[in-house]
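Chain A is the first sequence line, chain B the second, and so forth, proteins listed ahead of strands; every chain is numbered from 1.
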Amino acid sequence: MAVTNKKSSFDLLSIPIIKKFIKSKWYPGIFQWTVLLVFSIIVFELVAGTVNPHRNFGTTMTWVLWWPIIPILFIALGRFWCAICPFGKLSDIIRKMVGSERPMPKFLRKYGIWLIDLFFIAITYSDHVWGIVESPRGSGYLLLLLVTMVVATSVFYERRTFCKTLCFLGGLAGNYSRSGALQLRGTADICRTCKTQSCFKGSEKAEGCPMFQFVRTMDSSAECNICGNCVKNCPNESIKLNLRVPTKELWSLKNPKLEHASLAAVIMGIVFVQNITMLEIWGQILETISFVTGTSNYVVNFTIAFIISMALPILLLLGAAKLATILGMPNTIKKNFILFGYAFIPLDLAGHLGHNLFHIITEGKAIWYNSLAFIGQEVTSGDLSLATTPTVQMLQYIIITIGFIGSSYTAYKMGKQATFKAMLPYYGLMLVLGIINIYLFSLPMSHRV
Amino acid sequence: MKHWKFALIAAGWFLFFSYNTAVLAHEGEEQEAETYLKDFSTNEHEHSDTEEQVTDSHDSHEIEDSTHDSEDSREHDSHETEASTNHNHSNQEHSESTIKEESHDDSGSHDQGGGHGAFTGEETGPNYIVLSSIASVNAGFLLIGIWNRVRKGGNYHGGNK
């Protein structure tokens with residue numbers, strides 16, 4: 001039984017207006033249709049608008065606005081974005097109209113999270129090789145490719161199979177939401193005696209959980225979209241939407257998995273890649289690699305840098321797990337690797353947020369200018385920055401420091417039975433990663449638009 | 001205890017704003033450095049070819065290094081201009097796109113093609129071949145869905161509403 005009956009955390013559903021809104025047919029539909037409308041405009045602009053990324057409304061809205069605010073949404077509201085995501089809504093519409101509602105294939109159930117990890121890495125890689133972010137057409141085709149995947153899975157399979165097993169953002173969303181400030185759970189005493197199980201099966205009020213979750217056994221926010229279907233369906237008023245201390249879920253994981261821990265480490269590598277390729281030293285790094293490989297082919301040299309960046313955090317984590325085991329940490333190296341991999345998540349979040357903060361602050365006014373241009377207003381001139389680079393850097397340092405504290409505290413809570421000596425490799429690793437992030441942020445970075 | 005917290009927060013905000021005030025005081029100098037480097041990087045780029053781009057960016061980095069004696073704030077912005085140049089070099093060299101960026105205006109202005117890099121590429125219309133291919137594939141899947149519905153007489157599998 002993974003439900004909660006603690007009364008200490010604040011339940012948002014105890015506020016009548018919020019409960020009434022979530023139970024109404026307007027939630028999450030009003031957000032979904034709005035986002036779907038904006039998404040359609042963005043895709044149209046990307047594939048048919050100007051090819052100048054600095055002027056393209058779609059590029060600005062996607063990469064300067066949406067991508068930077070995504071981690072903030074996950075921290076504040078868990079996977080709420082997934083509830084209102086245009087791909088998710090499209091999936092709902094197609095399933096309702098022409099869906100076969102077959103059960104999710106066993107292959108996807110078993111290896112879905114690995115596919116998510118793979119897609120996330122592949123998209124990041126292809127962005128660097130083909131310049132998707134800098135190309136409005138490239139971004140548009142990427143979105144249309146995702147639309148095709150949504151259509152294909154929704155025509156055949158039940159619920160949100162795409163979101164659960166294929167969406168490239170799913171792994172990231174799951175990991176970040178684990179350290180989010182919002183959790184949806186049932187009330188233990190009520191769920192124990194429930195016979196309807198309508199949160200999972202659905203009712204005439206709403207369909208069952210689109211993410212295949214059963215509230216009675218749900219012990220993580222990683223796959224809860226806060227779509228409110230269970231709130232609508234539950235006949236016993238069992239559901240609670242609690243505020244919690246960020247990262248709290250990570251402190252006592254019941255079923256840690258290798259794929260999640262690996263993704264957490266890989267995200268750190270991806271943040272490094274994103275940072276390094278936008279830095280002045282990137283040219284020197286490429287030059288060094290080309291000296292070793294003997295070729296000036298960018299794809300070859302970038303691939304090597306990419307693989308090293310992905311592998312580095314994994315190897316460091318593995319090294320820390322081995323060292324910790326030698327120093328007296330209980331459990332095997334593998335178990336320690338998996339468990340403490342989750343401790344990366346707050347630092348991942350901080351790195352991701354810090355990187356994107358630079359873009360949203362130094363290029364933020366592009367959102368305003370391109371939106372004005374989109375509605376036909378002539379934009380004469382203007383500075384794109386909302387603050388100076390040193391201000392952004394200071395904010396980045398603060399965010400990384402918070403991430404470091406979050407990760408170290410998470411590791412501390414995870415290793416409650418371990419001695420300080422056994423925990424030292426993990427604290428050291430977090431410190432090293434924090435310093436690397438701060439160092440990278442201290443270097444000048446180029447812009448997206 | 002509350003006083004301590006208040007004092008800590010106040011000290012934090014004081015440091016934050018005093019730091020930024022110092023930065024703003026040197027804004028004019030930043031502009032000069034920025035203009036200088038912008039002009040320099042544009043001139044540098046005019047006589048570079050694709051094969052020499054990595055070398056070029058390295059050379060300009062060396063020259064750019066000579067400005068390191070200047071104040072921190074100036075240094076950050078001059079680096080930033082250079083970083084932008086490097087990034088655009090990479091894109092130019094490796095993108096299959098026909099877009100070419102000839103100058104690297106990092107002034108942050110949004111006019112004249114705007115943004116952080118001037119754009120002088122050719123505007124192209126939508127690629128109808130790609131779009132119609134994607135549309136066909138999606139239409140195909142939707143037709144399969146309709147066919148499944150018709151074949152099963154609307155009674156599809158699954159108890160989920």
Undergrad: With the side chain counted from C-beta on, respond yes when I134(B) and L145(A) share a heavy-atom pair under 4.5 Å apart, and no when they do not.
TA: no

Undergrad: So, for R149(B) and M97(A), which heavy atoms are closest and what is the spacing to 0.1 Å?
TA: NH1-O, 2.9 Å

Undergrad: Counting only heavy atoms closer than 4.5 Å, note whether F156(A) contacts chain B via side chain, backbone, both or neither.
TA: side chain

Undergrad: Got T50(A) and E123(B) here, is their nearest side-chain heavy-atom distance under 4.5 Å?
TA: yes

Undergrad: With rounding to the nearest 0.5 Å, note down the distance linking CG in N138(B) to CG in L90(A).
TA: 8.5 Å

Undergrad: Quick one: what part of L144(A) sits under 4.5 Å from any heavy atom of chain B, side chain, backbone, both or neither?
TA: both

Undergrad: If every non-hydrogen atom of F141(B) is compared with every non-hydrogen atom of T148(A), which pair is closest and at what distance?
TA: CE1-CG2, 4.2 Å

Undergrad: Is any side-chain heavy atom of S100(A) less than 4.5 Å from a side-chain heavy atom of N148(B)?
TA: yes

Undergrad: Any heavy-atom pair between the side chains of V98(A) and W147(B) that's under 4.5 Å?
TA: no

Undergrad: Chain A heavy atoms under 4.5 Å from I146(B): which part of the residue, side chain, backbone, both or neither?
TA: both

Undergrad: I'd like to check V47(A) versus N127(B) (side-chain heavy atoms, cut-off strictly below 4.5 Å). Are they in contact?
TA: no

